[in-house]
Engineer: 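One structure, pasted below without further comment.
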Amino acid sequence: MADAPETSTDTVSITVDGKVIAAQPGEMIIAAAERNGVYIPRFCYHPRMRPVGMCRMCLVQVKGPRGFALSPACYVAVAEGQEVVTDSPEVKKAQDGVLEFLLVNHPLDCPVCDKGGECPLQDQTLTFGPGETRFVEEKRHWAKPINLSDLVLLDRERCIQCDRCTRFADEVAGDPLIEFVGRGASIEVNTFPDLPFSSYFSGNTVQICPVGALTATPYRFKARPWDLEQVESTCTSCAVGCRVAVQSSGAKLTRYLGVDADPVNHGWLCDRGRFDFEAVNSDERVTAPLVRKGDELIEASWGEALAAAAKGLADVTKLHGKGSVAVIGGARLPNEDAFAWAKLAKVVLGTDHVDCQLGDGLPAAAVLGLPRATIDDACRAPVVILLGPDLKEELPVLYLRLRAAAVDGKTKIVELTPHSTGLTRYAAASLGYRPGEVALLARALVEGGGGEDADVAGVSAAAIAAARELISAGNAVVVLGRPSLAEYGSSVAEAAGVLARLPGARFLPALRRANVHGALDMGLAPGVLPGRVALADGRDWFGREWGALPAEPGLDTLGILTTAADGRLQALILLGADPANDFPDRQLARRAIAGAGFVVAVDTFLTDSSRHADVVLPAATYAERAGTTTNLEGRVSRLGQKVTPPGVAWPDWMIASELAVRLGGDLGFDSLESIWAEIERLAPSHAGLTTATLSARASRDGVVTPLPAAPTEATADTDDEAAGADATGEAPVNRPALLSFAAPERAGDVPALDSYSLRLVTGHKLYDSATSVRRSPSLAGLVAKGKLRVNPYDLDRLGLTTGGRIRLQAPRATMVLEVVADAGVPRGSASLPFNLPSEPAADLIDGSLAVNDVRIETT
Amino acid sequence: MATTVAPIVTAHIGTPDSHTLRGYLASGGYEALRKAVTTMTREEVQTEVDTANLLGRGGAGFPAGRKWSMLRKADPTYLVVNGDESEPATFKDHMLLEEDPHQIIEGTIITAYAIGAAQAFIYVRGEFALGIERMTQALNEAYGHGAAGNRIFGSDFSLDVVIHPGAGAYICGDETALLESLEGKRGFPRIKPPYFPAVMGLYGAPTIVNNVETMSNIPWIVVNGGAAFAALGEPQATGTRLFAVSGHVKKPGNYEVELAKNTFRDLIYDPRFGAGIRNGAELKAFIPGGASSFWFGPDRLDMALDETKVKGEGGSMMGSGSIIAMDSSTCMVRAAWRLVRFFSRESCGQCTPCREGSSWLDKIMYRIEAGDGRPDDLDLLMDVCDNISPGVQWPSRWPPNMTTICPLGPSIPPPIVSALGMFRDEFLTHIKDGACPYG
Amino acid sequence: MSFFKGFKVTAEQIGHVVTVQYPEHKRPKPERFHGRHVLNRYEDGMEKCIGCELCAGVCPARCIYVRGADNPEDAPVSPGERYGFVYEINYLRCIHCDLCVEACPTEAITESKLFEFSFTNRQDAIYTKSELVVADDGNPQQLPWEDWNETSRQDTSSWMRATSPSGSAAFEGTTQWSGELGYGVRPPEPPQVVARPKPLDSEAPAADPEGGDGH
Amino acid sequence: MSRLGPDFLPRAIATIALYPEPRSAMLPILHLVQEQNGFLTEEGMAHVAELLGLSQAEVYGTATFYDMFFTHPVGNYLVSVCTNIACLLNGGYELLEHAEQSLGVKAGGTTPDGQFTVEEVECIGLCGNAPCLTVNWRFFGDVTNEGFDSLVGDLTAGRLAETVPPHGTLCRVRRTVGLEAAAAVESTSVPELESGERS
């Protein structure tokens, strides 16, 4: 046969409808056929979940010992020489039959159904089904619809019992909160009575429901599928960078759908990412520039506002020198915009006091300078060491990926954490350490030693030994982030330096802000230049084109805020940052904003910080402008523009360019492409990554930087050449080497804990007081009350009962809240969510301390 | 004419205290187990059962010895005994569980020994409360007697047996649904591939699932030898089997008879068994093997009790070994409807054709029985049946085709197809008269 | 010769009065005249429109804008979950093709025979729901800028749809007309008399031409 | 008392210990909840979820699959009348009708005094004595209308307390033996609760 593929050991050839096709071993018929252009109808089959064979729609004829027999294509694996028929009268009859059965009880309320128009049941009925039904009896009736949760509605009449949602909840999300209830014809999907389907991933069930049984409240009756326009983009709710389809109707965003990007999100999204488009649509957006006149912010034209901003900054620079201006933020920005702002800050303003992290991250070198792993690497690694935040709360889809890998037995998880996390129950070992002492624990883990029964950082020697056994295989991937915001990030950096000594160790940074990795790549950090280059190393390379660069590495956010609070730093530019709300030490941030003489805020909303600014410049946000973003793997993927910005809001790079002109500089950018061209030319980590490469179809899932073939390591041994070049004055300057991470010095011991106090641990919740949550009505209601979690032992010791109200005392503040027992919090610690509106741990934290202690009193 | 042989599984039924250890020991109980664990190797036990050619008594009729030999080698492996007897008009396991629990336990432990199981579970239908109590009591006694637990009868073999109560679901009689249920889940039959119990059974471990009656045969086979068992009946249908005879017979009950040497007529008409149709009425039809089998008319009465023949010539099956006789006063539409309704109520709800098809057929049948039938309904019934079990026809043939995961799907059409095939006139009368002629 | 032949029609009209004194006198409109739309209501006053947007989807001139919303539980606007929250037709674009009427699953939108309206600004050409929905008597509202006279009442009536298999395969490909909802009831056209299917019902699509009861 | 009380909790824990995986103890423990409470209360199911380390929905979804579990209260005597084929042929529906009339409730209903619940069930395996029924899962065969009335009389008078235990009682015999399992009962404590909220 002419089109017979060559047979090799890693394919099996099967015949589908008389055509020989090559399939992968172990693959199901339905998948092999689809890849080869034969679509077998299906409802329950989902390529990302285990087959259940419930809907029976995919029946095809497979030749067996007794001749051709109907078999479900979704769970019969391909076998060499297998013969499959998908278009015979027998198959057609079976398809007709199944569709008629499915429609027996399915209401024909398509005109009011949100799924109508994009419904697999509709589509497949038209393509494969009978023209009419012979069912004349009364259909099954249920109340329609019922709330499964605040976000998801269920119409049980429409449900065809395909098990997709329940399977997803159990198998993918690990939240088996919806189940089949009842049996036979009266089977329904439901929750435990009065216990909502409050999963962070509930929106995915709506997306994968093959009928309109599950619908989402934020989209309910908002549009019809044929109204929608769509562009592919990358979610920027966190740093995972899930691929998403952004849909709009009219001028409003209406819906996001997960796109199946194999290396990243497998089609899943978290509910925050899925539903926070409401914030983009918000009526409270800043739509025009604002300039402070006395106590008030007054709307102004761009010209006036830019002039005011430029004048303020120029005055400060003239009076106090270039180091008197600082830029905080930038993680909200796409790469191009971050690059433009980095250039503005470091060249035009001449300051290196630039930090895109808000005291909740890690030093740039620890993120950029350690060998990087991808998500796939982590999921395939023999062992993953988790030293970071609760991924379920901060990087939800990364949690899904790692959870799946752990459940499938592909990898083992060793967790170093000061309180139990979403992954604790899947971890092979969970070492609950005393806050502030993670570096000690890491050292014990890597070096061993210690006594037979000596505890390290509150972790028993036996537990450490068991964990050492697990990581002894080598090639670990370390997921590295901030386990708690109530302790110094430097202790984590120190631990990272220790873990880096494990053979074959690679790192997956777990910083959560949308494009913080892109902003770091683009140089929005002190002592760093675009392209993952240290200021000192890149001075010549960049200086050639950019001119003078700051002489010394600048301050990080903690340094900037401390200096500004003391009145030694006179101007702040807040680049989509809200330190008054998000910085761990809120009091310091508020004092700093008040202390800085002149504040420019580039923002989408008036926040606790920007409402104190002197000039507020309205920025375009997600889905309102194009660009690229970089996820935690270093994967650069494209953002799509779907709607126009409200009012006169501009993209951030345009604001930077215009401001530069008024400050007497010229960034030289007139389009995103022109910026990217400069990034590609100058940033060593992005060399070779052209716009054309990024736009190529093969790059739909993004491109991991640096490219394997990129000429980035050219300069490691060029000292001689450079010296030679100097002599002639002609030779070109070589690309600088990429940043490398030097393990920090061993820090001093943290102070001992007195027996009345508990050491504070804090991290983000998915639903917190972030702008995107607060401005999305569907999500705002999901923010929980903060509860203090304490080990039952300590609770007992303090004579308290779980569920009681207590007074929490810290040197900074006192708050009254509920305390609950949680064995997942180590003894001597107390865990409180960081950024909830009612009980913010951020009010308690003193950023100048290595650890923060609190005391509990009965009310 | 009916042959007479000494009973095997019902040997103790009717003896004093048959359900207690004392009663059981009095009739030679646990000698088979002692013999097996102290004098025989596992392979020898397997060989005896293989020689006996004991066909599984659960309904599918697969040889027990062959089943055991297909067990994937792994550690651990499990033995699960299926006592979830729920097939309509089947009540033989019910009797065995209540009247002779020790025999089941003995057979179970011997089997576990033969296949090297780490633990044995006896899944007893939840509604059999007395059976569960008697089994639990018997198990307590067996441990006390040294017949279960640690180092059974002083041998190296130890085994823990668990009596597991069901909670009311016919579908759990399917072996994979039973395993799901035993794992504490909804009784959804598993997809095959990959979940063939002998390969991936309980907790993913290789598992043998055997019926209670199968287990009850094992002690006799060990004591008397497989050859003695195989000498009964015919080579393709060895030994005796327990039949549940019910319906319009004078003496409904469980009767153990030699396979292949006896006929359906013997069971229904022999004075020692069914003793004929009550009230001097005529036999109209009978169901040869439980609710899911195709029906037979009186013309098949002389068919031998031989699974091969019943399937091959009869196009039906002996299935669970229950025979339901219906006399001339029976409304066949009503009888068929009641069985369809049973399947509709017991469908687990996984597969579309079974879930929706059974309830739809129930509605159509009910409508016809109630006098609201339409002329098109008969074709509709056949076509819906065909969509559940493609190619279903009358006269029937075995095995039926399936569009569902488990055999409950193809179990739905037989009552309808049989009734329609044999008594189409009755359907037409219902439709024409708008009422049931039998009142 | 053919030159004169061309005047034959004209010549035949000599002596006949073919003009009328419009607008004082208006000719009766053809039965299937496509005028401006109305949004119908049920007899209990509920609106028939369910906001499904099928009319907007099918409109070749893109002149219809509909948005649906959840029916308020205490005061539902239409039966069921959803109602037409916004309904607008831009008559500067409408070509009166009647496809919206065909697409409507609830016979909520029909076209009357009214066509005489003029506007002094473009905004007025957009009829909103408050103008399109029928009055309490089931007839279209007369809007201030619409020219009605005493004969116009009958122009408010309209046929429902042209090609309607009503979900029954028995009438696939058969051209049908279904009865009129707003104004009087006229006998159905011949093809339907034989066996008229039940209208497509969201709960129980009847496929039985004999109309047997659903049990 | 809706969670498992001191009489039942140790039995539940001992049952869990019988199985290689805790979830297997689901059905037996749900029977215990029903024995204690008469039906599956929400607190009872939540307690089972806790004991087995499952979500409450998983317990609820499993329980509702099985006919013998009730998530709503039923009478002290659950009268289950079989109407399947063998009983149908021998007057099962007539018996059910009689039961409904005599107790004054429709199948599925409970008498106002909370004494009797009547339900129609599928074959209960007493076909040799059709028509038949169970009361609290204890069998009564060859039931005539008169026989039914006297059965109700006996139950009401408490004369059948020996044969018919309270509703929900599946097995009055305790397992007293075990091997590894029995040893495990000693050392097993309540499994540690899931920490943190499930979200």
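Chain letters run A, B, ... following the sequence lines, proteins first, then strands; residues in each count from 1. Everything numeric in this text was worked out from a predicted model, so none of it was measured.
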Engineer: Counting only pairs under 3.5 Å, give me each side-chain donor-acceptor contact of residues 166-173 of chain D, with atom names and distances, residues two or more places apart or in other chains.
Structural biologist:
| residue | atom | partner | partner atom | Å |
| --- | --- | --- | --- | --- |
| D:H167 | NE2 | D:G38 | O | 3.2 |
| D:T169 | OG1 | D:P166 | O | 2.8 |
| D:R172 | NE | B:E133 | OE2 | 2.8 |
| D:R172 | NH1 | D:E162 | O | 2.9 |
| D:R172 | NH2 | B:E133 | OE1 | 3.1 |

Engineer: In terms of heavy-atom proximity below 4.5 Å to chain D, should A:I178 be classed as side chain, backbone, both, or neither?
Structural biologist: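 Answer is backbone: N, CA, C or O of A:I178 sit under 4.5 Å from chain D.
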Engineer: Are A:L177 and D:Q56 close enough that some pair of their side-chain heavy atoms sits under 4.5 Å apart?
Structural biologist: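 No, side chains not in contact.
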Engineer: More than 12 heavy atoms of other residues, nucleotides or ligands under 6.0 Å from CZ of D:R159: yes or no?
Structural biologist: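 Buried by this count: over 12 neighbours within 6.0 Å.
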Engineer: State the CG-OG distance between A:L195 and D:S55, to the nearest 0.5 angstrom.
Structural biologist: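 Here the interatomic distance stands at 8.5 Å.
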Engineer: Which heavy atom in D:A57 sits nearest to a heavy atom in A:E179, and how many Å separate them?
Structural biologist: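 Result for this residue pair: O-CG, 3.2 Å.
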Engineer: What residues, two or more places apart in sequence or in another chain, satisfy side chain to side chain donor-acceptor pair (under 3.5 Å) together with D:D142?
Structural biologist: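 D:D142: side chain to side chain donor-acceptor pair (under 3.5 Å) contacts with D:N129.
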Engineer: Quick check: do D:M45 and A:F192 have side-chain heavy atoms less than 4.5 Å from each other?
Structural biologist: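 Side-chain contact under 4.5 Å: yes.
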Engineer: Less than 4.5 Å apart, side chain to side chain, heavy atoms only: is that true for A:D194 and D:E42?
Structural biologist: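 They are in contact (side-chain heavy atoms under 4.5 Å apart), so the answer is yes.
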Engineer: With chain D, which of A:T191, A:V181, A:T421, A:T166 has the greatest number of heavy-atom pairs at distances under 4.5 Å?
Structural biologist: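 If we count pairs closer than 4.5 Å to chain D, A:V181 comes out on top.
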